[in-house]
Amino acid sequence: MLRKYLDRIKPNFEPGGKLQAFHSVFDGLETFLYTPKTTSASGVHVHDSLDSKRIMIIVVLALMPCLFFGMYNTGYQNFLGSHAASFPFWSIMAYGFLAILPKILTTYIVGLGIEFIVAQWRKEEIQEGFLVTGILIPLICPIETPLWMLAVATAFSVIFVKEVFGGTGYNIFNVALVTRAFLFFAYPASMSGDRAFISANPICGLGGTVTFTDGISGATPLGQIATMSDGFTAVKNIAGETVSNWDAFLGLIPGSFGETSTLCILIGAALLLISGIASWRIMLSVFAGGLIAGAVVNWCATPLYPASYLSPLQQLLFGGFAFAAVFMATDPVTAARTGIGKYIYGLLVGIIAIIIRVYNNGYPEGAMLAVLLMNAFAPLIDYCVVQSNISRRVNRLKAKAQ
Amino acid sequence: MADKISNKSVLFNPLSKNNPVVVQVLGICSVLAVTAKLEPAIVMGISVIAVLAFSNVIISLIRNTIPTNIRIIVQLVVVAGLVVIVDQLLKAYAYDVSKQLSVFIGLIITNCILMGRLEAFAMANRPWASFLDGIGNGLGYTIILVIVGFFRELLGSGTLLGYQVVPQSFYEAGYVNNGLMILPPMALIVVACIIWVQRARNKDLQEP
């Protein structure tokens with residue numbers, strides 16, 4: 001039925017039709033809903049049913065566990081912080097849903113709006129890259145980020161990181177992470193500290209008001225650890241209870257919306273690996289790098305850098321490390337592309353993330369900066385790997401000729 | 001070659017068509033460093049205009065007596081002398097701004113625009129044309145500085161020349177100054193935007 005409707009309105013969007021100006025919008029919607037019928041007119045092309053729209057959809061599906069858990073956790077933290085008598089599952093979920101919905105809408109409207117305008121302006125098809133970026137951005141931001149900040153940051157990174165370089169597939173940095181970095185550097189007060197990570201007010205009659213009393217912090221575990229100047233003490237949650245590793249694995253801790261639950265991230269990772277979309281080399285080596293660096297900093301732990309007391313396993317459970325490893329570092333556009341390059345890239349992401357996190361108390365979470373830094377170096381890594389392959393083959397040929 | 005270029009084009013070309021910052025991309029370092037606020041940007045611009053115009057005149061006057069082998073050293077000595085004078089004047093009459101600009105007045109010596117204009121223009125042209133060239137290039141530099149400083153101070157601090165521009169009611173409604181605008185990377189992005197706008201308007205500047 002939808003197909004018929006699309007076919008009926010299609011002539012309006014062809015060149016010469018009255019809605020010609022919206023051709024790329026229509027085309028984007030049509031190919032989003034149906035696999036395109038048209039084939040290449042010239043030359044030989046190999047077509048796979050797994051085009052970039054399908055890839056994006058699978059990544060979005062892989063993010064769903066994190067999204068749903070983020071809703072639950074947001075509601076849970078609010079109920080916990082406001083000393084609710086009971087924790088009914090559905091009202092917690094509804095609270096989280098209402099808290100995140102405006103943010104998802106904001107990023108999609110701003111980001112897709114810019115993409116549509118640019119595509120129309122360049123007379124190109126709409127590129128689907130923002131499908132994933134738009135859901136990633138709310139997932140990696142604190143729940144209390146004001147909507148206008150989110151809109152400004154999204155617009156900034158879509159324009160300056162993606163469109164300026166030529167659109168989807170040409171960006172040198174991960175767009176979602178640049179949004180996060182922009183927010184972090186531009187509005188540091190709203191992006192860290194006690195208040196940012198707990199949704200404090202009731203929404204539509206659900207939830208309660210969280211009161212921040214002395215000695216009880218709504219900061220993320222890593223944020224709390226970074227401020228422990230007089231020795232390492234246990235991490236507390238909003239109700240003043242100690243956070244166990246199991247809590248951190250499940251994700252019932254304050255943190256950016258979708259990154260708290262290592263369990264849900266692993267479910268997403270499994271989906272990405274089974275469908276073959278993300279590179280297992282990168283994922284594996286990021287975790288390996290994190291474990292190695294975590295072990296080293298733990299081995300030479302000093303009270304000067306409280307985060308160095310975390311065990312390597314805790315380094316992976318707390319903060320955005322797992323999320324960055326699974327969804328950010330593996331971004332095929334900005335990661336290294338050669339086989340060996342992927343190992344090097346992943347290892348360095350893991351190691352640098354832990355180093356920034358531990359040895360710079362000003363930045364409690366280093367995963368974002370580590371991935372962005374290695375994005376900048378990925379082409380160099382690839383270049384070195386390719387050049388070494390070339391020289392090895394040249395040498396082999398020389399040896400044969402002799 | 002010298003007499004073919006009209007004095008008018010010598011003065012006005014650097015303002016837009018041949019702007020030292022956004023077309024020749026010289027002097028970027030100081031654009032990043034001094035434009036967090038508008039006032040230091042303006043003072044810096046005026047200093048560069050003065051140093052550039054007078055060093056152009058002086059070099060142009062003695063251009064026939066400078067041995068080619070040591071011309072760079074001679075140019076440096078002249079520029080250094082003028083920069084010290086400007087620095088001392090600022091310290092005497094505008095101490096606060098001078099403190100804000102700190103080392104960057106001294107670093108005018110290493111500004112590529114100066115050496116570029118001395119080498120490319122003053123060494124081959126008469127004093128009056130050189131003076132106009134210095135004023136023109138200095139103004140071209142100052143314009144960019146002021147534009148960048150305007151946006152950085154407005155968005156980064158909510159003020160212009162120290163006066164609050166963004167109304168208090170905005171802050172009460174939840175508006176927050178953009179901290180990234182204070183940091184040098186944002187100056188680079190603002191300069192990039194100016195370059196973008198300028199190339200979009202002048203098709204002949206676009207590189208293929």
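All values below were derived from every heavy atom in this structure, side-chain atoms included, with hydrogens, water molecules and symmetry-related copies excluded. Because the structure is a prediction, the values reported are computed rather than measured. By convention in this document, chain letters (A, B, ...) are assigned in the order of the sequence lines, proteins followed by strands, and residues within each chain are numbered from 1.
Neither the backbone nor the side chain of B:M181 comes within contact range of chain A, judged by heavy atoms closer than 4.5 Å.
The shortest non-hydrogen separation linking B:Y175 to A:W148 is CA-CZ2, 3.7 Å.
Within 6.0 Å of atom CZ in B:F151, 12 or fewer heavy atoms from other residues, nucleotides or ligands are found, so the atom counts as exposed in its surroundings. Annotation: A:Y108, atom OH; neighbour count of heavy atoms from other residues, nucleotides and ligands within 6.0 Å is above 12. Atom OH of A:Y383 has 12 or fewer heavy atoms from other residues, nucleotides or ligands within 6.0 Å. Atom OH of A:Y187 has more than 12 heavy atoms from other residues, nucleotides or ligands within 6.0 Å.
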**Test side-chain contact (heavy atoms from CB on, under 4.5 Å) applied to B:I182 and A:F185, step by step** = CA-CA 10 Å; B:I182 307 288; A:F185 287 108; over 6 Å; no
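Contact check for B:L180 versus A:F184: no side-chain heavy atoms found under the 4.5 Å cut-off.
To the nearest 0.5 angstrom, A:I159 atom CD1 is 11.5 Å from B:I189 atom CD1.
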